[in-house]
Amino acid sequence: MSNTSLDNKYSSSFVEGKWYKHWIEKNYFHADSNSKKEPYTIVIPPPNVTGMLTVGHVLNNTIQDILIRKARMEGKEACWIPGTDHASIATETKVIKMLEEQGIDKNTLSREEFLDHAWQWKEKYGGIIIQQLKKLGCSCDWERERFTMDEGYSTAVLEGFVKLYEKGLIYKGHRLVNWCPVSKSAISDEEVIHKEVDGHLWYFRYPIKDEKEHLIVATTRPETMLGDSAVAVNPNDDRYSKHIGKKIILPLVGREIPIISDDYVDPEFGTGCVKITPAHDPNDFLIGEKHNLEFINIMNEDGSISCTAPSKYMNKDRFIARKAIVKDLDKLNLLHKIENYKNKVGYSERGNVPIEFYMSEQWFMKMTDLAKPAIKAVESGEIKFHPNHWVKTYNHWMANIKDWCISRQLTWGHQIPVWYHKNDKSKIHVSVNGPEDIENWDQEKDVLDTWASSWIWPLGVHNWPHASKDIEKFYPTNTLVTGPDIIFFWVARMIMTGYEFLDDKPFTDVYFTSILRDEAGKKLSKSLGNSPDPFDLFEEYGTDAVRFGIMLMAPQGLDVLFAKDRLEIGRNFMNKLWNACRFVDMNAPENWEKHEHLDYEFELADKWILNKLNDAIKNYNSQLKRFYFNEAAKVLYDFVWSDFCDWYIEIAKTRFYSEDIERKAMTYDVCLRCIRIILPLMHPYTPFITEELWAYFKEQDQSDLIIASWPKDDIQTYDDVGDDMEVIQELVTSIRAMRSRVNIPPSKNVKLIIKCNEDKRSLISQNDELLISLAKLDSYEYSESKDKISESATSVVRGVELYIPLKGLVDLEKEKMQLTKRKIKIEDLLKGIDRKLSNENFINNAPEKIIKGEKEKELSLKDELIKINSNISMLS
RNA sequence: GGGCGUUUAGCUCAGCUGGUCAGAGCGCUGCCCUUACAAGGCAGAUGUCGGGAGUUCGAAUCUCUCAACGCUCACCA
């Protein structure tokens with residue numbers, strides 16, 4: 001045995017840093033738009049610039065890295081464009097908080113001053129997640145890194161706005177929008193999260209003017225009564241029809257409001273009377289417009305009660321005002337009752353407080369026309385979703401799409417490219433660069449919703465609309481990898497921009513990743529504090545192990561219950577691979593020239609493992625092709641561990657420890673062949689360890705693994721093997737089981753007696769070395785005798801009867817039990833087969849192959865049964 | 001209420017187009033520090049594949065239905 005220079009432990013942190021640096025130095029990640037190679041492009045879903053790497057990012061970006069590395073090895077011009085998203089609300093919140101800590105109030109700053117602070121903040125902290133992606137091993141083209149507020153990208157965003165405005169798809173309107181009182185900004189429907197809360201239904205008496213009677217209205221939000229401008233009943237509701245047209249004196253406020261009728265009111269619900277607050281409820285808004293009611297906004301932008309309400313409640317927070325109003329109505333004996341009531345309340349995703357419906361002037365985008373080509377693209381299969389079932393969700397949203405509120409009352413973001421003339425507010429200018437006499441104009445203060453910036457990502461990264469080789473070469477992209485939680489936010493809208501601006505899809509395949517949850521099923525998130533820090537995991541297990549472990553546990557289309565213990569499988573596998581390679585390296589022939597020969601007279605085991613290797617390549621590729629990353633990982637895992645290590649290497653040992661130099665060289669070359677294929681196959685999943693090992697095993701003049709060529713699945717295979725190897729494996733396992741039953745230690749070799757037919761005898765004799773070494777035999781002999789072989793451990797496998805004679809050491813009852821158990825099993829199976837074979841329909845309809853198989857199975861089981869029975873009787 | 005998904009060994013889950021004695025990892029039991037690996041090896045136990053019906057010669061796999069759980073969308077005060 002020669003020495004190996006491979007350490008007996010794999011040191012992940014050293015290796016990872018070394019190779020990442022090397023890859024960067026060699027510029028392997030860079031994609032060339034002048035290349036003649038077929039492009040393969042991915043744009044990263046840009047993480048939030050304020051963000052830190054989560055385990056979810058690890059999954060998502062590992063998948064992208066797998067796709068890109070594979071494409072690169074397949075000889076494509078692999079281009080993975082990285083970058084970050086400016087995340088208006090999140091970033092602005094952080095900057096404001098930082099300023100507060102420095103004693104600076106945002107309101108005292110000019111727009112320019114605030115942006116100055118924000119950019120400083122971004123320069124200081126914005127790069128963290130990018131550094132983290134590098135640590136993960138991502139082979140992004142860092143020369144193409146983009147930020148959504150970069151110059152060229154910003155132009156693309158504004159160009160998009162202007163084009164849509166000119167087309168009449170963007171308009172300004174005074175409307176009810178979702179309002180976040182924390183960020184004091186409008187938010188889109190998608191940023192509202194509905195939560196079921198235990199609330200109340202309050203019943204109030206509303207006195208009818210000039211009458212003793214009153215109507216009882218129910219509400220979940222008492223404070224909005226300050227803005228009531230009508231009470232509505234159903235026109236067909238006999239209880240109230242006589243009151244229609246009369247007036248209500250609104251309690252606490254004193255305003256006279258009409259009693260109106262509308263079909264919208266459900267007589268069955270509550271009392272059948274509904275208070276109408278057009279400025280604070282979307283349904284009431286519609287009724288307000290229909291019946292020409294007053295729109296009374298009773299709130300300030302922070303959610304406190306405004307001056308339109310009685311002074312008593314002015315400037316009180318909405319929830320404090322609620323309590324006060326209920327109390328005051330109770331004092332006036334106008335509180336009828338309070339019921340417990342579960343209802344859905346919309347919360348602001350970022351502010352995490354109940355949103356308000358708020359009247360304000362905002363910019364909207366008409367979506368119906370934009371959606372049309374996007375729906376068609378998915379319907380026709382031009383864009384494919386994996387898993388496909390997301391298509392339904394996508395279609396449902398698209399079919400019911402509403403206008404999108406795209407303006408935000410924030411500072412950090414893309415300022416809307418609209419100017420109002422200082423002297424005549426009705427004069428509007430819309431362009432990317434603004435009017436020539438810009439001093440006479442005021443620019444719109446609002447910025448665009450972040451998603452209205454990042455929806456143009458696949459184009460914007462190339463500075464669209466400027467023509468370039470880049471956009472020609474790398475648009476459309478191939479695959480988008482993202483979480484299903486942003487299917488509307490982002491995926492759907494990117495598809496719209498693709499068709500709208502370039503008349504072409506932005507990507508062909510969309511892979512929706514698993515959502516990672518903790519053991520209680522909660523989504524892993526920073527805010528819940530249940531997401532482990534990936535860096536702790538990298539340190540504990542090694543980055544490759546984390547990558548492989550996560551890929552193995554994330555099936556397509558299902559969420560994953562993540563527990564860090566489950567990464568052990570990855571770590572153990574890295575260790576296994578490392579040590580297998582180390583073993584092979586130890587047995588390299590003297591003066592080996594790193595050149596692989598395969599022109600040997602192979603034996604059974606060699607042909608078998610090479611066949612298995614080819615199967616593995618095929619299966620692996622086909623799983624990757626359908627985006628089943630976990631199954632692909634499993635193919636490699638099983639081949640390496642169960643076939644290569646458990647069997648072939650064990651077999652290799654006996655050869656390496658012999659003196660037969662030719663045979664040693666053959667074995668080594670077969671091992672080498674396996675390793676030289678396993679390493680490239682595994683490289684996309686576990687780039688570091690494989691690149692490190694490759695350095696030991698590659699041909700002298702071969703390239704680094706990252707750009708080595710992808711293994712072909714047409715390596716030479718051997719048809720004459722049949723299931724001979726499986727027979728040997730079963731014999732070995734069976735002998736080991738016998739040994740285990742009678743407690744023979746592994747160190748002790750035993751004698752074996754075999755009874756079998758000629759075929760099996762010839763197979764065994766030709767491969768007896770395998771049996772002897774793997775089952776630890778002292779010797780073996782064939783027996784023709786019909787006599788009973790007494791005091792033996794026995795078993796029957798594939799028609800071969802095996803005996804290990806052991807005077808006095810055998811527990812006969814144990815042996816008998818073992819055989820009886822098998823006997824029962826066989827009888828069961830035979831019953832099943834008999835049922836099939838005696839069924840005319842089966843014989844007539846089943847394919848010939850299946851019938852033949854059943855018949856053969858019956859024969860061999862019957863044969864086994866006879867032998868088992870005779871062995872049982874011998875033991876008695 | 002609509003849509004989607006899940007239900008397979010004690011736990012976490014694989015099982016592609018229906019047909020080899022239903023698999024893996026962890027955990028558990030027994031034996032091994034056998035010179036690649038104890039992050040390891042060998043052997044072993046545990047499942048009427050959620051319930052019911054149907055299609056089929058044949059169903060964990062296809063259809064229907066019921067149940068439980070989860071996600072998501074939705075304007076009932």
Side-chain angles (χ1 to χ4, degrees), chain A residues 1 4 6 8-10 194 201 217-221 232 264-266 268-277 281-286 341 343-344 357 387 389-390 392-393 395-397 400 484-485 487-488 515 517 519 521 523 541 545 552-553 555 557-561 563 565-566 568-569 571-587 619 622-623 626 628 630-631 634 637-638 642 645-646 649-650 653 657 733 736-741 743-747 776 825-826 828-829 832 835-836 839-847 849-851 853-854 857 861:
Chain A
M1 193 189 300
T4 174
L6 286 164
N8 70 339
K9 284 266 172 202
Y10 167 62
H194 295 277
L201 205 51
V217 297
T219 180
T220 53
R221 302 191 52 206
Y264 156 73
V265 180
D266 175 4
E268 305 295 320
F269 189 87
T271 60
C273 300
V274 187
K275 61 192 265 318
I276 302 295
T277 323
D281 182 280
N283 292 312
D284 294 4
F285 183 88
L286 294 176
Y341 186 71
N343 64 334
K344 291 276 179 84
F357 295 105
H389 66 73
W390 288 107
K392 280 208 171 188
T393 307
N395 283 338
H396 182 259
W397 187 75
N400 296 289
D485 44 350
I487 183 169
F488 311 133
I515 289 177
R517 304 180 179 280
E519 282 159 301
K523 200 157 137 182
Y541 299 101
L552 206 50
M553 71 173 97
L558 294 178
D559 290 354
V560 173
L561 296 190
D565 298 352
R566 294 181 69 190
E568 278 175 16
I569 186 172
R571 180 195 58 184
N572 296 354
F573 186 49
M574 293 307 105
N575 183 249
K576 192 74 180 177
L577 176 71
W578 181 264
N579 273 291
C581 289
R582 181 167 171 263
F583 171 78
V584 173
D585 192 46
M586 279 173 159
N587 291 288
N619 293 337
S622 76
Q623 296 292 6
R626 62 185 200 122
Y628 272 61
N630 65 323
E631 293 297 320
K634 212 165 161 278
Y637 183 90
D638 287 342
S642 308
C645 291
D646 286 352
I649 285 190
E650 289 308 314
K653 281 178 184 173
Y657 301 156
T733 300
R736 284 170 176 169
M738 287 154 72
R739 299 174 52 115
S740 179
R741 281 208 299 280
N743 291 325
I744 301 169
S747 50
K776 303 246 178 206
K825 180 80 186 172
I826 292 174
D828 263 7
L829 291 169
R835 247 200 316 273
K836 285 186 189 173
N839 182 340
E840 228 176 277
N841 288 323
F842 177 75
I843 301 294
N844 293 336
N845 293 316
K849 206 175 114 195
I850 300 293
I851 298 173
E854 291 294 320
K857 215 159 64 181
L861 284 171

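Since we're looking at a predicted model, the values are computed, not measured. Numbered from 1 within each chain, the chains take letters A, B, ... in sequence-line order.
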Open item on the list: Using a heavy-atom cut-off of 4.0 Å across all strands, would you classify A:P282 as base, sugar-phosphate, or nothing?
Closed with: nothing
Open item on the list: B:C4, OP1 or OP2 - any side-chain N/O from A:K392 closer than 4.0 Å?
Closed with: yes
Task: Smallest separation among heavy atoms of A:V265 and A:V274, with atom names - done: CG1-CG2, 3.7 Å
- [ ] Taking atom P in both B:G18 and B:U56, compute the distance separating them and give it to the nearest angstrom.
- [x] 16 Å
Open item on the list: Under 3.5 Å for both donor-acceptor distances, Watson-Crick or wobble: does B:G18 have a partner, and if so which one?
Closed with: none
TODO: Using a cut-off of strictly less than 4.0 Å, decide whether A:Y10 has a side-chain nitrogen or oxygen near OP1 or OP2 of B:A39.
DONE: no
Task: Pairing partner (Watson-Crick or G-U wobble, both distances under 3.5 angstrom) of B:G5 - done: B:C69
Task: Close side-chain approach of A:P555 to A:V560, heavy-atom, < 4.5 Å - done: yes
Task: Salt bridge present between A:R221 and A:D281 (N-O < 4.0 angstrom) - done: no
TODO: Round to a whole Å and report the spacing from CD1 of A:I276 to P of B:C75.
DONE: 17 Å
Open item on the list: Suppose we define a pair by two distances each less than 3.5 Å, Watson-Crick or G-U wobble; what does B:A45 pair with here?
Closed with: none
TODO: Indicate, with a heavy-atom threshold strictly under 4.0 Å, whether A:C273 touches base, sugar-phosphate, or nothing.
DONE: nothing
Open item on the list: Taking the minimum atom-to-atom distance to the side chain of A:N343, which one of B:A77, B:G19, B:A36 wins?
Closed with: B:A77
Task: Among B:C42, B:A39, B:C4, the nucleotide that comes nearest once only the side chain of A:R736 is considered - done: B:C42
Using the 3.5 Å cut-off, write out each protein N or O paired with an N or O of nucleotides 12-15 of chain B and the distance between them.
{"residue": "B:U12", "atom": "O2'", "partner": "A:R566", "partner atom": "NE", "Å": "3.4"}
{"residue": "B:U12", "atom": "O2'", "partner": "A:R566", "partner atom": "NH1", "Å": "2.8"}
{"residue": "B:U12", "atom": "O2'", "partner": "A:R566", "partner atom": "NH2", "Å": "3.0"}
{"residue": "B:A14", "atom": "O3'", "partner": "A:E631", "partner atom": "OE2", "Å": "2.8"}
{"residue": "B:A14", "atom": "O2'", "partner": "A:E631", "partner atom": "OE1", "Å": "3.2"}
{"residue": "B:A14", "atom": "O2'", "partner": "A:E631", "partner atom": "OE2", "Å": "2.1"}

- [ ] Give none if B:G40 has no partner; otherwise give the nucleotide forming a Watson-Crick or G-U wobble pair with it, both distances under 3.5 Å.
- [x] B:C32
Task: Nearest listed nucleotide, side chain of A:H396, among B:C73, B:C4, B:U20 - done: B:C73
TODO: Please measure how far the C1' atom in B:C69 lies from the corresponding atom in B:G30, and state the result in whole Å.
DONE: 39 Å
TODO: Assign each of A:N743 and A:A737 to its nearest nucleotide of RNA chain B by heavy atoms, then name whichever residue's nucleotide is nearer the 5' end.
DONE: A:N743
Open item on the list: Just to be sure I understand the rule, does A:T393 reach a base, reach only the sugar-phosphate, or reach nothing, if contact means heavy atoms closer than 4.0 Å?
Closed with: nothing
TODO: Would you mind pulling out the nucleotide paired to B:G58, Watson-Crick or G-U wobble, both distances under 3.5 Å?
DONE: none
Task: Euclidean distance for C1', B:A53 against B:C31 (whole angstrom) - done: 49 Å
Open item on the list: Please classify the nucleic acid contact of A:N283 as base, sugar-phosphate, or nothing, using heavy-atom distances under 4.0 Å.
Closed with: base
TODO: Pick the P atom in B:G5 and in B:G15, then give their distance to the nearest Å.
DONE: 15 Å
Open item on the list: Using whole Å, what does the distance between atom C1' of nucleotide B:G41 and atom CD1 of A:I744 come to?
Closed with: 17 Å
Task: A:K653 and A:E650 ion-paired at < 4.0 Å - done: yes
Open item on the list: Checking base pairs now: Watson-Crick or wobble, both atom distances under 3.5 Å. What partners B:C26?
Closed with: B:G10
Task: Nearest heavy-atom neighbours spanning A:V217 and A:K275 - done: CG1-N, 4.0 Å
- [ ] Could you please name the option among B:A77, B:C37, B:U34 that lies closest to any side-chain atom of A:D266?
- [x] B:A77
Task: Rounded distance (nearest 0.5 Å) linking atom OH of A:Y264 with atom CG of A:N283 - done: 4.0 Å
Open item on the list: For A:C645 versus A:K576, what's the shortest heavy-atom pair and its separation?
Closed with: CB-CE, 3.7 Å
Task: Candidates B:C73, B:A77, B:C21 - which lies nearest the side chain of A:K825 - done: B:C21
Task: Presence of A:N579 side-chain N/O under 4.0 Å of B:A36 phosphate oxygens OP1/OP2 - done: no
Task: Protein-nucleotide distance (A:N400, atom CG; B:G2, atom P), rounded to Å - done: 15 Å
TODO: May I ask you to evaluate whether A:Y657 reaches the phosphate of B:A36, defined as a side-chain N or O under 4.0 Å from OP1 or OP2?
DONE: yes
Open item on the list: In whole Å, measure the gap between the C1' atoms of B:G19 and B:A60 for me.
Closed with: 13 Å
Open item on the list: Checking base pairs now: Watson-Crick or wobble, both atom distances under 3.5 Å. What partners B:U63?
Closed with: B:A53
Task: Side chain of A:K344 (C-beta onward), nearest among B:C75, B:A36, B:C73 - done: B:C73
Task: Rounded distance in Å - CD1 (A:I649) to P (B:C42) - done: 12 Å
- [ ] Taking atom P in both B:C16 and B:C62, compute the distance separating them and give it to the nearest angstrom.
- [x] 8 Å
TODO: Write down the atom of A:A846, the atom of A:I851, and the distance for their closest heavy-atom approach.
DONE: O-CD1, 3.5 Å
TODO: May I ask you to evaluate whether A:T733 reaches the phosphate of B:A43, defined as a side-chain N or O under 4.0 Å from OP1 or OP2?
DONE: yes
Open item on the list: For B:A36 and A:K576 - does any side-chain N or O of the residue sit under 4.0 Å from the phosphate oxygens OP1/OP2?
Closed with: no
Task: B:A38 to B:U34 separation - P atoms, rounded to the nearest Å - done: 10 Å
- [ ] For the pair A:W578 and A:Y10, name the ring-plane relationship: parallel under 30°, tilted 30 to 60°, perpendicular over 60°.
- [x] tilted
Task: Pairwise P distance, B:C42 and B:C33 [rounded to whole Å] - done: 15 Å
TODO: Find which nucleotide of RNA chain B each of A:I569 and A:P745 is nearest to by heavy atoms, and output the residue with the more 5' nucleotide.
DONE: A:I569
Open item on the list: Of the options B:A77, B:G19, B:A36, whose atoms approach the side-chain atoms of A:A846 most closely?
Closed with: B:G19
Open item on the list: Under 4.0 Å, heavy atoms only, any strand: does A:V265 hit a base, just the sugar-phosphate, or nothing?
Closed with: base
Open item on the list: What is the distance, to the nearest angstrom, from the CD atom on A:E650 to the P atom on B:C32?
Closed with: 19 Å
- [ ] Report the C-alpha separation of A:K523 and A:D485 in whole Å, then their side-chain angles, then the decisive distance to 0.1 Å, and conclude whether the side chain to side chain contact (heavy atoms under 4.5 Å, CB included) test is met.
- [x] CA-CA 11 Å; A:K523 200 157 137 182; A:D485 44 350; 3.5 Å; yes
Task: Rounded distance in Å - CG (A:N841) to C1' (B:G58) - done: 11 Å
TODO: In whole angstrom, give the distance that lies between atom CD of A:Q623 and atom P of B:U17.
DONE: 11 Å
Open item on the list: Looking at A:L561, is its backbone amide N or carbonyl O close enough to the side chain of A:R566 to form a donor-acceptor pair, meaning the two atoms are under 3.5 Å apart?
Closed with: yes
Open item on the list: Please classify the nucleic acid contact of A:K776 as base, sugar-phosphate, or nothing, using heavy-atom distances under 4.0 Å.
Closed with: nothing
TODO: Take atom NZ of A:K836 and atom P of B:G18, then tell me their distance rounded to the nearest Å.
DONE: 15 Å
